[in-house]
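Following: one structure in C-alpha cells, then a few remarks.
A, B, ... follow the sequence lines: proteins, then strands. Residue 1 opens every chain.
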Protein chains: 2
Amino acid sequence: MSLKMNQSLSVTVDNVLFTIRDDSLHVLLVKRAKEPFAGQWALPGGILDTDKDADGERAASRILEEKTGLRINYLEQLRTYAGDFDPRGYTVSIAHFALTSDFALSPKVASVEEAQWVPVKLLSDLKLAFIHRDIIEDALNRLREKAKYSLIPLYCLPKQFTIVGFTKVMSVILGKTIQRKTVQRRLEQVEAIVPVKGEVATGTRGPQSQLYTLTKPINEINFERNLN
Amino acid sequence: MSLKMNQSLSVTVDNVLFTIRDDSLHVLLVKRAKEPFAGQWALPGGILDTDKDADGERAASRILEEKTGLRINYLEQLRTYAGDFDPRGYTVSIAHFALTSDFALSPKVASVEEAQWVPVKLLSDLKLAFIHRDIIEDALNRLREKAKYSLIPLYCLPKQFTIVGFTKVMSVILGKTIQRKTVQRRLEQVEAIVPVKGEVATGTRGPQSQLYTLTKPINEINFERNLN
DNA sequence: ATTAACTGTGTCCCTGTGACACTATTAATT
DNA sequence: AATTAATAGTGTCACAGGGACACAGTTAAT
C-alpha cells in the first residue's frame, strides 16, 4: 500500500450500452479512426480524467454523454480489465454496463465518430478492437443474468411502457418465450410501477393496452426466483 | 481511446479475504505501519505491478499469497473504486473478494505485517484506512447475495466437510437459520460434490456424519431460487 | 358485418424451499 | 452397564411463484 507510481500505465473507461431496436438487442459501437485497430469497431470509451471524474461511474456517464449527446437510463460498473491488450502498453480499463431506450444518434455524433447501433447477433462478423469482444460478452451475460431476477430491462424502454412491450424485451434478452402472465405478476407486486391513468397504447390490432411508468428507480428490486 | 498517459495516478489492488472461525465471519486485515492512516487497519493490498501481474486477479493472488503465505480457495474481482480517497493523489483500486478455510497466519507474517483475522461484527469499533470500510461492506453484500444462490461458501471450509458444517456456515453468513434439509437437497443435486467413502466426521455427540468433497470447482453453479 | 389479432385474466400443475417430526446413533453422565 | 442428551439423516406437508394454456372482451383490418 505504499504508493510509488506505477510506470507507463493507462487507465481508461469503456462502456457497453445496450438498447432494444426492432425487437432485437443492439450495442453502441464506434469506428476507430486512429491506430491502433484503426478502422475496427470499438466500444465508446475514453481516458479517465482525474480532474473531471470523481469516480468511475461519472467518467462513464461523461463519456457516454459526449458520444451520444444523451443521458442514458441506467449505468453500473461491469468489471475492470487489466493487462497487455493495448499495443501501446499495459492498460487498466474500467468497463461499464449501460441501458437506454432506443433513440436515434444525433447526426453530428453519428458522422464524426461513426457511432452506430449494431445488432448483437451481427457482432461475430465484425472486427472488434482490443478485448472489446470479451467485454461485450461479459456485459451480455450480466444483462441476461439480471433479466432473470430483476427489472432492469425496463431501462431499455421509454418512460411509458406496456406489459406486452416489456414481455417482448424480456423474451429478446433471454432468448426464449416469457409468459405475459409471469411478467405481469412481477410488475404488479412492485409498488414503484404504476399505471398511467388515462394513458393507453394503441395502434395495433386488439384492445388498447395500459401504459405503466416508474415512480422511482427499480435497480435494487430483486426477485427470489430466476426466470427459467 | 487515444492513450495519452493519465497524470499522477496510482493503481492498487485490495483484497477482502473472508473465512469462518468459531462460527463467526472474519476478515483479514493488516495494521498500517506508514502514513497515511498509520496505525489504522487496512485491507491487505498493494500496487499493481505491470511486470508481474498479467491481470488484476493474478495481482490479487500474488499479494494475498505474499501476505498470508498460502494459496486461498476462491478469488474473484469485486469492483473498482476510483477517486480521491488517498491523500497522496487520485487512486484506482481494483478490489477483490476472496474466501478460504480457517488457518493460522504464519507467525512471521503475523508479526511483521500484523495481519489478523478480525471478526466482522467488531469492525464497527475499528478505524479503517482509506475507503476500506465501504469496500468490506460491498464484499459482505456480495458474499451474502452469492450465499443465497450459489455454493461458494463451501470455499470457507476445509477440503472435506459435512452437511451440518456447511449449514452452519450458511447460517452464519446469512444471519438466519438455514435448514439442514435445504442445504442437503442442494448439495445432493450437484454431481461435483461427492461423499468421501469411508470418511466420517466424529467427535461430537450423535451419529458420525458423512464427509463430502469437491471434485471440481463449484463457483459456476447457481440455483434458480434464492434462500429466503 | 365478419374476421383475425391482441390484451387482460383465471386456473392448474410443477418445483424448490421452509418447517418440523421421527428414528437411529453416539458421547456424556450416572 | 444403563440411561440421558445431543446430533445426523430422512420423510412429509404446506406454501409460493413461475410455466403453460385457455377464455373473454376489444380493436383494426378485411
Side-chain angles (χ1 to χ4, degrees), chain A residues 23 144-151 153 157 160-171 173-190 193-212 221-228, chain B residues 23 144-151 153 157 160-171 173-191 193-213 221-228:
Chain A
D23 291 342
R144 291 190 177 124
E145 285 306 307
K146 287 216 162 193
K148 290 184 191 169
Y149 62 81
S150 81
L151 295 173
L157 289 172
Q160 300 196 351
F161 54 89
T162 64
I163 292 179
V164 172
F166 185 46
T167 306
K168 270 189 192 149
V169 168
M170 293 289 281
S171 298
I173 291 172
L174 293 174
K176 54 161 283 191
T177 306
I178 300 297
Q179 301 283 327
R180 270 176 301 155
K181 186 74 186 191
T182 302
V183 172
Q184 185 191 20
R185 279 189 285 226
R186 284 190 160 197
L187 290 183
E188 72 194 10
Q189 84 182 54
V190 176
I193 296 175
V194 295
V196 190
K197 72 172 181 179
E199 289 293 314
V200 288
T202 181
T204 57
R205 223 186 268 198
Q208 302 172 327
S209 48
Q210 178 64 53
L211 284 168
Y212 292 81
I221 299 172
N222 295 327
F223 297 93
E224 192 175 309
R225 302 195 192 177
N226 287 341
L227 299 185
N228 192 2
Chain B
D23 291 343
R144 292 190 176 124
E145 285 305 309
K146 287 216 162 192
K148 290 184 191 168
Y149 61 81
S150 82
L151 295 174
L157 290 173
Q160 299 196 352
F161 54 89
T162 65
I163 292 179
V164 171
F166 185 46
T167 306
K168 270 190 191 147
V169 168
M170 293 289 281
S171 298
I173 291 172
L174 294 173
K176 55 161 283 189
T177 306
I178 301 296
Q179 302 283 327
R180 270 177 300 155
K181 187 73 186 192
T182 303
V183 171
Q184 184 191 19
R185 280 188 286 225
R186 284 188 162 199
L187 290 184
E188 72 194 10
Q189 81 182 56
V190 176
E191 60 186 24
I193 296 175
V194 295
V196 190
K197 72 171 181 179
E199 289 293 314
V200 288
T202 180
T204 57
R205 223 185 269 199
Q208 301 174 326
S209 48
Q210 178 63 54
L211 283 167
Y212 292 81
T213 196
I221 298 172
N222 294 327
F223 296 93
E224 191 176 310
R225 301 195 193 177
N226 287 342
L227 298 185
N228 191 3

Fill in the blank from the handout: Between A:Ile178 and A:Ser171 the two heavy atoms that sit nearest each other are N-OG, 3.1 Å
Fill in the blank from the handout: Ranking A:Ile163 and B:Asn228 by the position along DNA chain C of their nearest nucleotide, the one closer to 5' is A:Ile163
Problem - A:Lys146 NZ: over 12 foreign heavy atoms closer than 6.0 Å - result: yes
Problem - Non-neighbouring partners of A:Val200 that pass side chain to side chain contact (heavy atoms under 4.5 Å, CB included), sequence neighbours left out - result: A:Gln208
Fill in the blank from the handout: Between A:Ser150 and A:Asn222, the two heavy atoms sitting closest are CB-OD1, 3.7 Å
Fill in the blank from the handout: Taking for A:Asn226 and for B:Gln210 the nucleotide of DNA chain D with the nearest heavy atom, the one nearer the 5' end belongs to B:Gln210
Exercise for the section: Output all residues satisfying side chain to side chain contact (heavy atoms under 4.5 Å, CB included) with A:Glu224, sequence neighbours left out; order by chain, then residue number. Expected result: B:Asn226
Handout entry: Any donor-acceptor N/O pair, A:Gln210 side chain to A:Val196 backbone, under 3.5 Å
Key = yes
Problem - Side chain B:Lys181 and base D:dG11 donor-acceptor under 3.5 Å - result: yes
Exercise for the section: Would you indicate, yes or no, if D:dG19 has its OP1 or OP2 atom less than 4.0 angstrom from a side-chain nitrogen or oxygen of A:Gln179? Expected result: no
Handout entry: Straight-line distance of A:Phe161 CZ to A:Tyr212 OH, nearest 0.5 Å
Key = 9.0 Å
Problem - Side-chain heavy atoms of A:Thr162 within contact of A:Leu211, under 4.5 Å - result: yes
Problem - Non-hydrogen side-chain atoms of B:Leu187 and B:Leu151 separated by less than 4.5 Å - result: yes
Practice task
Walk along DNA chain C from 5' to 3' and tell me the first and last nucleotide with an atom closer than 4.0 Å to a non-hydrogen atom of chain B.
Solution key: C:dT15 to C:dA28
Filtered N/O pairs between nucleotides 15-17 of chain D and protein, under 3.5 Å:
unit_1	atom_1	unit_2	atom_2	d
D:dA16	N3	A:Arg225	NH2	2.6
D:dG17	O4'	A:Arg225	NE	3.2
D:dG17	O4'	A:Arg225	NH1	3.2
D:dG17	O4'	A:Arg225	NH2	3.1
D:dG17	N3	A:Arg225	NH1	2.8

Practice task
Locate the shortest heavy-atom distance separating A:Arg186 from A:Phe223; write the atom from each residue and the value.
Solution key: NH1-CD1, 3.5 Å
Exercise for the section: Could you list the residues that satisfy side chain to side chain contact (heavy atoms under 4.5 Å, CB included) with B:Gln184, not counting sequence neighbours? Expected result: B:Ile163, B:Lys181, B:Glu188
Problem - Contact pattern, 5' to 3', of nucleotides 22-30 of chain D - B, S or - by protein heavy atom under 4.0 Å - result: ---BBBBS-
Practice task
Nearest whole angstrom, please: distance from the P of D:dG9 to the CD of B:Glu188.
Solution key: 11 Å
